[in-house]
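For reference, the structure is listed below as structure tokens.
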Amino acid sequence: MNLLSAVLTLPMAMAASAATHYLASRAVKAVMWSVSPLSTGEPQAFTYERNVYFTADAGAMQVVAAVLVAGVVVWLGGVTGWTWLTALGVLAWAGAFAFDLRRWERVAVSANNLWFQRGLGQKVHQVAFENIRDVHVEERDARGFTLRYGTRNRVCRLQVRMKDKRVVALPKTDAASGLADVESVANQLRQRLRHMEDRESVKRAEASGHQAAQAVAQAPAAADDDIRRALRRLRAGALAPDVPKAVKLPNES
């Protein structure tokens, strides 16, 4: 293989490594969403995940770099004719794929909980809705490099503020391709929080009305006491015997 062919095949090897990883990663992650969902005991309503090739995040860029390095090693094995080096490149590609799954970040929302995980096999965090105060979507420019956008990147993520004033920053993803999914998760969460607030308001109103009714029923009414005394006086006057008055005759001195 001459120098020109070697130079031309290098980007092809790197592109092939990245394309193979991209397709295999999407397929495996789709299967994992199905067989290993984040939520337990209730179905997932909406989800989003970090897009490795489009997100200018340190973890994502490390995965892409590992895949490209694996492609370079395979290319070196082909150029030199060393089979062991080609095999090493294939092993490096498999390691990069495992590294991607290990760093896979995803988020899901169900009927009563928010779920997120930072890496397949890592702990799944569960956040109950009753502990959440509010939620908003953060979108901003990001430093870094991606194969799709170069250095012009924007990221977005869901931020949740708890009732104890802690802020839970969920995984980031590319704003151009993932903002709609993040907004869907946020809207579902907002809807459930409004429903819980309305239900709590109704309960508070019912409890307040019940307490007021009990207070009125237990408190003595002054007007009722006056009416009772007046009725007793009337009954006492109606039951008293009539006494005739003495009549004075003219001849009496």
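Counting from 1, the numbers follow the sequence of the chain as shown.
We find the CZ-CG distance between Arg152 and Asp141 to be 11.5 Å, quoted to the nearest 0.5 Å. Rounded to the nearest 0.5 angstrom, Arg50 CZ and Lys29 NZ are separated by 7.5 Å. Put simply, CZ on Phe99 and CG on Leu101 are 11.0 Å apart, with the number rounded to the nearest 0.5 Å. To the nearest 0.5 angstrom, Thr40 atom OG1 is 8.0 Å from Asn113 atom CG. With values rounded to the nearest 0.5 angstrom, His136 atom NE2 is found 11.5 Å from Glu139 atom CD. Rounded to the nearest 0.5 Å, atoms OG1 (Thr55) and CZ (Arg157) are 12.5 Å apart.
Between Met14 and Trp75 there is no side-chain heavy-atom pair separated by less than 4.5 Å. Taking the side chain as every heavy atom from C-beta outward, Leu120 and Arg106 approach each other to under 4.5 Å. Phe54 places none of its side-chain heavy atoms less than 4.5 Å from the side chain of Thr146. Side-chain contact between Met162 and Ile132: present, with at least one pair of heavy atoms (C-beta onward) separated by less than 4.5 Å. Between Val155 and Asp57, the closest side-chain pair of non-hydrogen atoms is not below 4.5 Å. The closest side-chain heavy-atom distance from Val137 to Leu158 is below 4.5 Å. Side-chain contact between Arg140 and Lys172 is present, with at least one heavy-atom pair separated by less than 4.5 Å. Side-chain contact between Arg154 and Tyr149 is absent, with no heavy-atom pair separated by less than 4.5 Å.
Looking at Gln117, its side chain does come within 3.5 Å of a backbone N or O of Gln122 through a donor-acceptor pair. Of the possible polar contacts, one joining the Ser17 side chain to the Val67 backbone as a donor-acceptor pair under 3.5 Å is found. Put simply, the side chain of Ser36 never gets that close to the backbone of Met32: no donor and acceptor are under 3.5 Å apart.
Atom CE of Met196 has more than 12 neighbouring heavy atoms from other residues, nucleotides or ligands inside a 6.0 Å radius.
Scanning both residues, Arg118 and Ala169, for their nearest heavy atoms gives NH2-O, 2.6 Å. Across every non-hydrogen atom of Val107 and Pro171, the tightest pair is CG2-CD, 3.5 Å. Of all heavy-atom pairs between Gly71 and Ala13, the closest is O-CB, 3.8 Å. For Ala60 against Val52, the heavy-atom pair with the smallest separation is CB-O, 3.5 Å. Among all heavy-atom pairs drawn from Thr47 and Ala108, the shortest one is CG2-CB, 3.7 Å. Shortest non-hydrogen contact noted between Phe129 and Ser110 is CZ-O, 3.5 Å.
There is no path of hydrophobic side-chain contacts, each under 4.5 Å, that joins Val182 to Trp33. Hydrophobic clustering, with ILVMFWY side chains joined whenever heavy atoms are under 4.5 angstrom apart, keeps Val90 apart from Val69. Leu170 and Val124 fall into different hydrophobic clusters, where Ile, Leu, Val, Met, Phe, Trp and Tyr residues are linked whenever their side-chain heavy atoms come under 4.5 Å apart, directly or through other members. A continuous path of Ile, Leu, Val, Met, Phe, Trp and Tyr side chains, each step under 4.5 Å between heavy atoms, connects Val73 with Trp82, placing both in one hydrophobic cluster. Cluster annotation: Val127 is connected to Val185 through the hydrophobic network of ILVMFWY side chains, with a link wherever side-chain heavy atoms come within less than 4.5 Å.
Cluster partners of Val167, using a side-chain heavy-atom cutoff of under 4.5 Å among ILVMFWY residues and allowing indirect links: none.
Qualifying ring pair (Phe, Tyr, Trp, His ring centres under 6.0 Å) partners for His125, counting only residues two or more places apart in sequence or in other chains: Phe116. Under the ring pair (Phe, Tyr, Trp, His ring centres under 6.0 Å) criterion, Tyr53 pairs with His21, Tyr22, not counting sequence neighbours.
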Audit row: Trp93, Val74, side-chain contact (heavy atoms from CB on, under 4.5 Å) steps and yes/no: CA-CA 9 Å; Trp93 184 93; Val74 172; 5.8 Å; no
